[in-house]
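My questions all concern the structure below.
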Amino acid sequence: EALNRPLTHGVIPAIADQTVIQWGLGMNIGDTLNYRNEMGDTLRLKLIAGLSPSVFQGYVLISNTNFLKNFPTSSGSNLFLIDVPKDKAKRTGEELQNIFRDYGWEMTTAVQRLMEFNSVTNTYLSIFLALGALGLILGTVGLGVVLARSILERKEEIALMQSLGFTRIQIIGQMISEYTLLLTWGILIGFITAVIAVLPNIISPHSEVSFLAVLLLAGAILINGIIWITGLTWLGLRQKNLADHL
């Protein structure tokens with residue numbers, strides 16, 4: 001209905017995908033796009049709204065009346081949107097294919113079309129996911145090396161604590177608490193700085209950021225670190241009395 005509302009000075013209302021407006025056209029909502037109509041005149045299209053990622057990527061939508069007025073020889077329709085129940089989609093597609101086979105009919109599902117549009121984005125996301133997993137592995141190994149080195153350097157301190165009456169379990173619990181606190185603060189600082197870095201995308205009306213997935217990932221990193229801290233601390237202090245060996 002918004003596409004049928006007339007604007008002043010011969011401007012035509014238009015709608016496009018938000019990704020097309022922002023990245024393809026380099027514009028914002030409310031900007032005017034100049035185009036040539038069939039007669040060679042300048043066609044002024046005002047972008048009045050942006051769509052979430054949809055099957056209209058690459059298209060600029062205007063009303064049928066304005067389209068025929070500026071492109072009178074382009075009669076009829078070349079693109080059809082068909083909405084049918086999921087259980088009848090296959091049968092409907094086969095029937096339409098048989099009926100319109102002489103007209104060069106090509107049919108694809110909305111899911112398949114969106115997957116084709118997002119193939120490049122998904123490839124980049126897969127690459128970054130692989131790099132993130134590699135970074136997590138390297139970070140875990142680095143955490144183990146740092147812990148082993150720290151425990152080795154603190155053996156005299158640990159032996160002194162045992163001489164003062166601390167049990168091995170108490171020392172292990174204290175060291176696990178120290179390292180877990182450092183790990184928690186490190187993850188928290190990294191999480192906050194990452195959120196600040198991507199804040200413009202998060203507050204975007206078309207943002208698809210899943211906070212639950214991000215929190216689950218941060219929780220998995222924390223749990224993974226705690227497991228390594230507990231295991232390495234226990235192995236490093238497996239001797240009952242280090243004071244006897246120093």
Side-chain angles (χ1 to χ4, degrees), residues 1-122 124-125 198-213:
E1 294 179 357
L3 294 177
N4 293 317
R5 297 173 185 170
L7 300 178
T8 58
H9 307 295
V11 179
I12 296 176
I15 295 175
D17 262 35
Q18 183 63 32
T19 53
V20 174
I21 295 175
Q22 184 174 357
W23 305 110
L25 300 176
M27 295 183 171
N28 297 310
I29 302 298
D31 292 345
T32 301
L33 173 66
N34 293 326
Y35 200 79
R36 292 286 181 183
N37 63 10
E38 198 171 85
M39 286 73 73
D41 299 329
T42 300
L43 188 63
R44 301 177 62 195
L45 306 176
K46 184 176 181 179
L47 301 171
I48 61 173
L51 300 174
S52 297
S54 67
V55 295
F56 294 115
Q57 289 189 33
Y59 291 95
V60 177
L61 307 178
I62 62 175
S63 67
N64 189 56
T65 302
N66 288 323
F67 180 79
L68 293 178
K69 181 180 178 181
N70 290 276
F71 301 92
T73 61
S74 300
S75 61
S77 300
N78 296 323
L79 179 66
F80 300 88
L81 304 178
I82 304 171
D83 184 17
V84 295
K86 187 176 181 180
D87 56 341
K88 297 181 180 180
K90 183 177 180 181
R91 180 180 176 183
T92 304
E94 293 174 351
E95 292 180 355
L96 291 172
Q97 189 71 39
N98 291 330
I99 295 173
F100 297 105
R101 61 181 179 273
D102 296 332
Y103 297 91
W105 180 270
E106 294 182 5
M107 191 169 180
T108 181
T109 62
V111 173
Q112 182 180 352
R113 191 169 182 85
L114 288 173
M115 289 178 61
E116 292 174 356
F117 284 143
N118 296 327
S119 60
V120 176
T121 303
N122 292 336
Y124 277 108
L125 291 177
V198 298
L199 188 60
N201 290 330
I202 294 177
I203 63 178
S204 173
H206 300 281
S207 173
E208 298 181 358
V209 176
S210 174
F211 285 100
L212 179 60

Original post:
What residue pairs, at least two apart or across chains, pass salt bridge (charged side-chain N to carboxylate O under 4.0 Å, His left out) with a residue in residues 73-100?
Top reply: R91-E95
Original post:
From F100 CZ over to E106 CD, what is the distance, rounded to the nearest 0.5 angstrom?
Top reply: 14.5 Å
Subject >> Donor-acceptor pair, side chain of Q57 and main chain of V20, under 3.5 angstrom >> reply: no
Original post:
With a cut-off of 6.0 Å (strictly less than), are more than 12 heavy atoms of other residues, nucleotides or ligands near CE of M115?
Top reply: no
**OP:** For a side chain to side chain contact (heavy atoms under 4.5 Å, CB included) with I12, tell me which candidate from T32, L7, N70 qualifies.
**Re:** N70
Subject >> Rounded distance (nearest 0.5 Å) linking atom CG of L79 with atom CZ of F56 >> reply: 7.0 Å
Side chains of residues 58-69: which donor-acceptor partners sit under 3.5 Å, not counting sequence neighbours?
| unit_1 | atom_1 | unit_2 | atom_2 | d |
| --- | --- | --- | --- | --- |
| S63 | OG | N66 | N | 3.3 |
| S63 | OG | N66 | ND2 | 2.9 |

**OP:** Find the distance between CD1 (I99) and CG (D102) and round it off to the nearest 0.5 Å.
**Re:** 11.5 Å
Original post:
If every non-hydrogen atom of I21 is compared with every non-hydrogen atom of G50, which pair is closest and at what distance?
Top reply: CD1-CA, 4.0 Å
**OP:** Please report the closest heavy-atom contact between P13 and I48, naming both atoms and the distance.
**Re:** CB-CD1, 3.7 Å
Subject >> 4.5 Å side-chain heavy-atom contact, R36 and D41 >> reply: no
**OP:** Could you check if a side-chain atom of R44 sits within less than 4.5 angstrom of a side-chain atom of N34, using non-hydrogen atoms only?
**Re:** yes
Subject >> Heavy-atom check, side chain of I29 versus side chain of Q18, under 4.5 Å >> reply: yes
Original post:
Is the OH atom of Y35 crowded by more than 12 outside heavy atoms at less than 6.0 Å?
Top reply: no
**OP:** Would you confirm whether D17, through its side chain, and T19, through its main-chain N or O, come within 3.5 Å as a donor-acceptor pair?
**Re:** no
Subject >> Shortest non-hydrogen contact between G93 and M107, atoms and distance >> reply: CA-SD, 3.5 Å
Original post:
Nearest heavy-atom pair of L33 and M27: which atoms, and what distance?
Top reply: CD1-CE, 3.8 Å
**OP:** To the nearest 0.5 angstrom, please state how far the CD1 atom of I15 sits from the CG atom of L51.
**Re:** 6.0 Å
Subject >> Heavy atoms of other groups near Y103 OH, more than 12 under 6.0 Å >> reply: no
Subject >> Minimum heavy-atom distance between G30 and K46, given as atom pair plus value >> reply: O-CE, 3.8 Å
